[in-house]
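Shown next, in structure tokens, is the structure this report addresses.
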Amino acid sequence: MYATARLSSFSGGRGASAHSSPKVGAAADRLALVRDPLRIALFILTVLTISRVHQHYPILEKFRPALLLFLASVGYAYLNPRYLTRTNVLGIWPMRITAMLGVWACCTAAFGISLGASAIFILSTYVKVLVYGILIAVSIRHVRDLFTFVWAYVLSCGILAFFSIFVFGISKSTNSHVSRLSNLYTYDSNDLCVVMMVGLPLTLLLLSVERGKKRAFLTLILIGIAVTVARSGSRGGFIGFIAVAAAALFLVNGVSAGKRLVVLVVTLVSLAVGAPPGYWEQMQTIMTPKQDYNYYDRDGRKAVMQRGLGYMKSYPVFGLGISNFERAECTISPKINPTYTTGPLRCTAPHNSYVQAGAEMGIPGLLMWASLVVGLIVAPLRLRRRLRRSLLRGTTEERFIYGATSYFPVAAVGFAVTSFFVSFAWMDPLYLLAAFMTGLYIAARVQFSQKAVDAAASRSTVISPTAVPGWRVRHSALRAGTQAEPGT
């Protein structure tokens, strides 16, 4: 189901060393951020989209910089297509599923419980999320572009960590043992952990290739992420942290067990040091779920999940319509029954991305959405099996590509676990990960097919496109001006 690039010539078989890159100087073998106008605009847009730092400054927010950068990026890309990849990104599975979700969202709006509410959400929010993800994907032409956008996400996490430690206050909330982050603008403390658990593996990816001051800066971001998770007081965030740590220990390839253990110890110590009063008491309640309000309360997670499954059963094909879950809670929910209702009626959010996807987009929407989440875990690992481990001793670009096949699935695990506790089905992180995975396919193809061309040129021979080793082409021959695509 998932497209994997067939890089058989890099799988360690016969002739695997034929395309090994020569040793280059440290200055030449260094990944640098791409600084053309489109990449700069998208870099800043990513920082604003993920960190939402502009919302801390009222004067800046009035100018709506994210919207302006988005429109500027789309306009510049349209006027300067040479800055975009020539690969049809919609032919690669992550973007294909992303487009399918967009089409299906429109269908659910037409057959849901409120066409107007769904249409407003699609036009005001979801279409921007989808177009932003696709725009990032089409802007990745090679490994340096992918490296640039990964840096943008990690920098966003660093900004969020700084604000969480030095700007946002902590306070004790109802039904909680712990003082936790509050007044986080559009993120709450649980949402923040989703962003951070995607960013933690991406930070480790950059740490694997960066050196000097940049490595020290990334280490500070890593520590800041751990402290932020602690200050959030989120049990879902803690479970996600454990899942990411376990995935990093078992899925990351090419890093010694000792180094992985050192990183784990540093992050755990940072989490322990940054934990506010009552944090560990709050985490201990994970072991006694039946005593928690989420188990027995009318608006607790268990009851909300049960009602969500009921909506899915009642509307199995098209669902309630995207962004209609809260409306359903106050219109067709069992809560509106006078014998069931006690106290004020709350239009509750789903608090579970899987329930959100299934209830609002029906079973087909849930299958599409879940296949994207699972595929982002499985596909990079399948791609890694096609690569030679000797790439770990290759150039920085080769090491980054190989490392991405290990750390991208860990980031997807972080999203898959933490999104179980929040309503994040239609938010940016998942679709940005899909764009990164698409970019990884493109970068791998460009990197290794170009090496094959260079090797042929050094032997003063002519190589045809179909002779590029390890890449499956859809047709028996390539037409002039087209490029090979990763297999699907």
Side-chain angles (χ1 to χ4, degrees), residues 49-50 94-109 111-114 117-134 186-188 190-198 234 236-237 239-240 301 304-312 315-329 347-377 411-437:
T49 299
I50 301 301
M95 289 297 99
R96 188 161 62 243
I97 294 179
T98 297
M100 289 168 60
L101 283 169
V103 173
W104 192 248
C106 296
C107 295
T108 66
F111 294 94
I113 64 173
S114 175
S118 293
I120 290 173
F121 178 79
I122 291 172
L123 295 175
S124 65
T125 302
Y126 196 47
V127 69
K128 290 189 288 188
V129 171
L130 297 178
V131 174
Y132 166 65
I134 294 173
T186 55
Y187 285 131
D188 68 16
N190 294 309
D191 295 340
L192 183 63
C193 289
V194 181
V195 177
M196 291 301 192
M197 287 304 99
V198 173
S234 170
I239 294 173
R301 294 180 185 275
V304 173
M305 183 181 295
Q306 289 175 336
R307 291 196 294 271
L309 294 175
Y311 301 144
M312 203 183 309
Y315 300 84
V317 180
F318 296 102
L320 301 168
I322 189 170
S323 191
N324 276 334
F325 192 98
E326 293 184 45
R327 180 179 292 270
E329 284 285 272
C347 301
T348 315
H351 296 306
N352 184 305
S353 296
Y354 300 86
V355 172
Q356 180 184 20
E360 294 184 355
M361 280 204 189
I363 295 175
L366 174 61
L367 292 176
M368 284 185 278
W369 189 86
S371 68
L372 182 59
V373 176
V374 175
L376 291 173
I377 299 173
V413 167
F415 178 86
V417 174
T418 52
S419 65
F420 189 84
F421 305 98
V422 297
S423 308
F424 244 63
W426 321 128
M427 303 295 282
D428 296 284
L430 176 63
Y431 305 95
L432 192 54
L433 278 178
F436 286 172
M437 187 63 226

Is there side-chain contact between [X] and [Y], with at least one heavy-atom pair below 4.5 Å?
| X | Y | result |
| --- | --- | --- |
| Leu430 | Leu376 | yes |
| Met312 | Leu366 | yes |
| Met361 | Leu101 | yes |
| Arg301 | Val304 | no |
| Thr49 | Leu432 | no |

Which residues pass the ring-ring contact (aromatic ring centres under 6.0 Å, His included) test with [X], sequence neighbours left out?
| X | answer |
| --- | --- |
| Phe424 | none |
| Phe415 | none |
| Phe325 | Tyr311 |

side-chain contact (heavy atoms from CB on, under 4.5 Å) with [X]: which residues, sequence neighbours excluded?
| X | result |
| --- | --- |
| Ala435 | Met95, Ile136, Ala137 |
| Ala349 | Glu326, His351, Ser423 |
| Ile239 | Ile286, Val417, Phe421 |
| Ile120 | Ser124 |

With sequence neighbours excluded, residues passing side chain to side chain donor-acceptor pair (under 3.5 Å) with [X]:
| X | result |
| --- | --- |
| Tyr354 | none |
| Ser118 | Asn324 |
| Trp426 | Glu360 |
| Ser234 | Asn190 |

Going by the rule disulfide (SG to SG under 2.5 Å), which residues pair with Cys106 if we only count those two or more places apart in sequence or in a different chain? none
Side-chain (Trp369) to main-chain (Ala425) donor-acceptor, under 3.5 angstrom: yes
Spatial distance of atom CG (Leu320) from atom CD (Glu329) [nearest 0.5 Å]: 9.5 Å
